[in-house]
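Here is the structure we will look at, set down as structure tokens.
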Amino acid sequence: MRFSDPESDEYRLVLIQKVPRRILAEHRSGAIALPRVRVPRWTRPAREIVKLIRQKWRVEGIVLDILGDRPGCGNLVLVELRDTRSLHGCLLHPTSLSEIRANALSSTEHDTLTSVLTQGSTGRGPFSRLGWIDEAIEWIQTETRSRGPQTRWRLDQFNASATGSLIRFQNERGEAYWLKSGGSLNRSEMGITSTMASLFPDYLPEIISVHSGWSAWLMRDEGVSLANASTDRRVLEDVVRRIAELQRESCQHTGRLLEDGCHDHRISRLLERLAGLIPYLEDAVQAQEVSTGPRLQPARIRRIRDLFEKAASRMLRLNIPDALMHCDFSVENILISQRGCLFTDWAQASIGVPFVTFEQLRLQLLQTGGACGHVHRLSELYRSQWAELIPAADIETAFTLVPLIAVTCDLCCRPEWLTMTGPDRPLSQSYARTLARRLDRAAKLIEQNSLMCA
């Protein structure tokens with residue numbers, strides 16, 4: 001009997017040797033079996049799987065694809081082994097697809113593997129095929145002028161799917177680059193990133209080249225993420241100044257940014273979207289069976305909707321200029337470099353109330369021991385960056401309203417996560433309840449303030 005582990009997810013590995021083209025499997029209890037690994041939940045599966053393959057079999061691999069819609073269900077992972085010279089003496093053995101037990105694969109998985117072994121590709125996307133990584137290395141060497149057989153690249157894979165990839169490449173000279181493709185969930189990310197790199201080159205890592213066939217781009221590795229850097233006050237102040245500068249510059253480009261794929265999170269649009277999502281929040285709180293958090297009632301959800309409508313109306317009267325919002329402004333996406341701090345990962349780039357981005361940063365810093373004491377000073381600094389454009393009293397009012405608007409933006413960023421049906425519905429409703437509780441906390445801040453009574 002197999003028991004699920006709430007702290008990790010299980011994956012089955014198909015380890016593929018490209019030349020000669022064959023599967024490498026384990027022999028267990030007299031039978032041929034696909035290796036299985038467990039990956040800590042909430043980590044990057046592709047990266048963890050590559051690490052486990054390196055540790056267990058002393059071989060380098062690239063994850064080509066992960067089959068299955070949800071982790072934790074024994075998803076099948078296709079891995080291309082890059083250098084198999086060190087495989088001699090390990091416990092992996094060449095095997096044919098027919099030797100793998102029939103009950104080890106679904107009919108769809110069997111057909112997919114047949115396609116890979118006979119044609120070199122699953123047909124699911126540009127990265128779900130053998131040999132694409134060699135093409136990528138050749139492309140990178142050409143674009144970075146790193147030609148010649150003496151150039152060796154160290155690869156660190158972070159994300160993998162049939163349509164998306166995130167890999168760091170570093171050569172012998174220490175030069176490093178990122179290859180990124182947003183995948184099916186973030187199809188517009190390449191266009192947004194390219195536009196922003198052209199409009200605001202001082203605030204993004206340098207884009208070296210674009211591969212339109214893969215919807216991918218190559219960018220220079222610049223700096224260290226704030227998550228791994230010092231939380232010194234001067235560093236944090238530079239982050240705040242720079243994001244405010246970028247946002248102020250963006251005010252005159254909002255039309256183009258919307259045309260090139262930025263999400264529309266302007267107040268009027270948020271009002272429309274929230275109205276369509278309220279029924280899903282009501283269903284989710286009604287479906288709660290276990291007391292894993294505060295139990296909200298549908299009437300409270302409707303009250304929050306009414307509060308948001310009032311807050312939105314008040315925000316519109318303040319005439320805060322629409323500007324660029326990051327909407328995934330985590331410390332991982334802030335890079336400390338020699339050019340000043342840079343901002344990356346714009347998949348959720350939006351146009352709307354700019355203060356939402358600072359609110360995201362503020363909440364994170366409050367959870368960080370070394371930075372928590374600087375939050376008040378940073379808030380004052382961010383406000384001062386807008387003082388030439390917005391009266392101080394209006395800024396103060398906007399900061400009172402923005403927590404509720406920020407959570408609503410999160411709600412509208414991934415509406416498909418709220419509207420799942422079938423077996424994924426309980427997971428969707430759990431996510432909806434989490435957001436509902438965040439909305440409730442933000443709404444209480446407004447209720448405690450006399451602002452909405454004015």
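Starting from 1, each residue takes its place in the sequence as its number.
- Of the possible donor and acceptor atoms, none in the side chain of Glu249 sits under 3.5 Å from a partner among the backbone N and O of Phe200.
- Counting heavy atoms of neighbouring residues, nucleotides and ligands inside a 6.0 Å radius, atom OH of Tyr203 exceeds 12 of them.
- What you find for Leu274 and Cys412 is that their closest heavy atoms are N-SG, 4.4 Å.
- In summary, the side chains of Glu189 and Trp217 do not present any donor paired with an acceptor at a separation below 3.5 Å, with no hydrogens or angles considered.
- Note that CG of Leu270 and NE2 of His263 are 12.0 Å apart. Values are rounded to the nearest 0.5 Å.
- Between the side chain of Arg145 and the main chain of Thr142, a donor-acceptor pair closer than 3.5 Å is present.
- Atom CD of Glu99 has more than 12 neighbouring heavy atoms from other residues, nucleotides or ligands inside a 6.0 Å radius.
- Judged by distance alone, with hydrogens and angles left aside, the side-chain atoms of Gln157 form no donor-acceptor pair with the main-chain N or O of Ile167 at under 3.5 Å.
- Looking at every heavy atom in both residues, Ile207 comes nearest to Ala197 through CG1-CB, 3.5 Å.
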Query raised in the report: Going through the checks in order, is the side chain to side chain contact (heavy atoms under 4.5 Å, CB included) test met by Leu130 and Arg21?
Result: CA-CA 10 Å; Leu130 298 172; Arg21 193 175 295 170; 3.6 Å; yes
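- Ser181 places a side-chain N or O within 3.5 Å of a backbone atom of Ser215 that can act as its donor or acceptor partner.
- Annotation for Arg300 and Ala443: closest pair NH2-CB, 3.8 Å, computed over non-hydrogen atoms.
- Residues Leu204 and Leu342 fail the side-chain proximity criterion, which asks for heavy atoms closer than 4.5 Å.
- Ion pairing between a basic and an acidic side chain is recognised when a charged N comes within 4.0 Å of a carboxylate O; Glu359 and Arg362 show such pairing.
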Requested in this report: Might you work through the side chain to side chain contact (heavy atoms under 4.5 Å, CB included) test for Glu245 and Asp202, ending with a clear yes or no?
Outcome: CA-CA 11 Å; Glu245 289 172 3; Asp202 293 338; over 6 Å; no
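- Annotation: side chain of Arg266 is in contact with side chain of Leu258 (closest heavy-atom distance under 4.5 Å).
- Within the 4.5 Å cutoff, the side chain of Glu259 has no heavy atoms near those of the Thr195 side chain.
- Taking CG of Asp65 as the reference point, atom OG of Ser161 lies at 7.0 Å (rounded to 0.5 Å).
- Between Leu404 and Leu439 the shortest side-chain heavy-atom distance falls below 4.5 Å.
- Interatomic distance, Leu34 CG to Leu113 CG, rounded to the nearest 0.5 Å: 8.0 Å.
- Evaluation of the ring pair (Phe, Tyr, Trp, His ring centres under 6.0 Å) test over residues 117-137, restricted to residues two or more places apart or in two chains, returns Phe127-Trp132, Phe127-Trp214, Trp132-Trp214.
- A salt bridge is defined here as a Lys NZ or Arg NE, NH1 or NH2 lying under 4.0 Å from an Asp or Glu carboxylate O, and Glu237 with Arg234 fails to meet this definition.
- If you look at Trp346 and His326, their ring centroids are closer than 6.0 Å.
- Looking at Glu222 and Arg220, no side-chain N of the basic residue comes within less than 4.0 Å of a carboxylate O on the acidic one, giving no salt bridge.
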Query raised in the report: side chain to side chain contact (heavy atoms under 4.5 Å, CB included) between Val116 and Val14: does it pass, once the steps are laid out?
Result: CA-CA 11 Å; Val116 170; Val14 179; over 6 Å; no
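- Counted within 6.0 Å of CZ on Arg154, heavy atoms from surrounding residues, nucleotides or ligands total 12 or fewer; the atom is thus considered open.
- Checked for salt-bridge contact, Glu26 and Lys56 meet the test: a charged N lies under 4.0 Å from a carboxylate O.
- Here the side chains of Val37 and Val77 are not in contact, with every heavy-atom distance at 4.5 Å or above.
- Taking the six-membered ring for Trp and the full ring otherwise, the centers of Phe343 and Phe329 sit less than 6.0 Å from each other.
- Of all non-hydrogen atoms in Met190 and His211, the two that sit nearest each other are SD-O, 4.3 Å.
- Evaluated for a salt bridge (Lys or Arg N to Asp or Glu O under 4.0 Å) with Asp156, the options Arg47, Arg54, Arg168, Lys51 yield exactly one hit, Arg47.
- Shortest non-hydrogen contact noted between Arg339 and Pro205 is NH2-CA, 4.0 Å.
- Judged by distance alone, the side chain of Thr112 and the main-chain N or O of Thr108 form a donor-acceptor pair under 3.5 Å.
- At least one side-chain heavy atom of Tyr11 sits less than 4.5 Å from a side-chain heavy atom of Val39.
- In this structure, the side chains of Leu435 and Leu418 come closer than 4.5 Å at one or more pairs of heavy atoms.
- Between the Ser350 side chain and the Gln348 main chain, a donor and an acceptor come within less than 3.5 Å of each other.
- A salt bridge is absent between Glu60 and Arg82: the closest approach of a Lys/Arg side-chain nitrogen to an acidic carboxylate oxygen does not fall below 4.0 angstrom.
- Within the 4.5 Å cutoff, the side chain of Phe358 has no heavy atoms near those of the Val402 side chain.
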Requested in this report: Please lay out, stage by stage, how Leu105 and Arg12 fare under the test side chain to side chain contact (heavy atoms under 4.5 Å, CB included).
Outcome: CA-CA 10 Å; Leu105 299 169; Arg12 295 168 294 147; 4.1 Å; yes
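- Checking side-chain atoms of Asn159 against main-chain N and O of Ser165 turns up no donor-acceptor pair under 3.5 Å.
- Atom-to-atom distance recorded for Gln360:CD and Asn333:CG is 10.0 Å, nearest 0.5 angstrom.
- The minimum heavy-atom distance linking Glu109 with Ala104 is given by the pair OE1-O, 4.2 Å.
- Not one N or O on the side chain of Gln429 forms a donor-acceptor pair closer than 3.5 Å with the backbone of Gln288.
- The existence of a salt bridge linking Arg129 and Glu135 is confirmed by a sub-4.0 Å separation between a basic side-chain nitrogen and an acidic carboxylate oxygen.
- With hydrogens and angles left out, the side-chain atoms of Tyr177 and Glu143 include no donor and acceptor closer than 3.5 Å.
- Thr254 places no side-chain N or O within donor-acceptor distance of the main-chain N or O of Ala323, the cut-off being under 3.5 Å.
- Side chain of Arg22 to main chain of Gln17: no donor-acceptor pair is present (N/O by atom type, distance under 3.5 Å, no hydrogens or angles).
- The line from CZ of Arg269 to CD1 of Ile351 is 14.5 Å long, rounded to the nearest 0.5 Å.
- With rounding to the nearest 0.5 Å, the separation of OG1 in Thr122 from CG in Asp111 is 12.0 Å.
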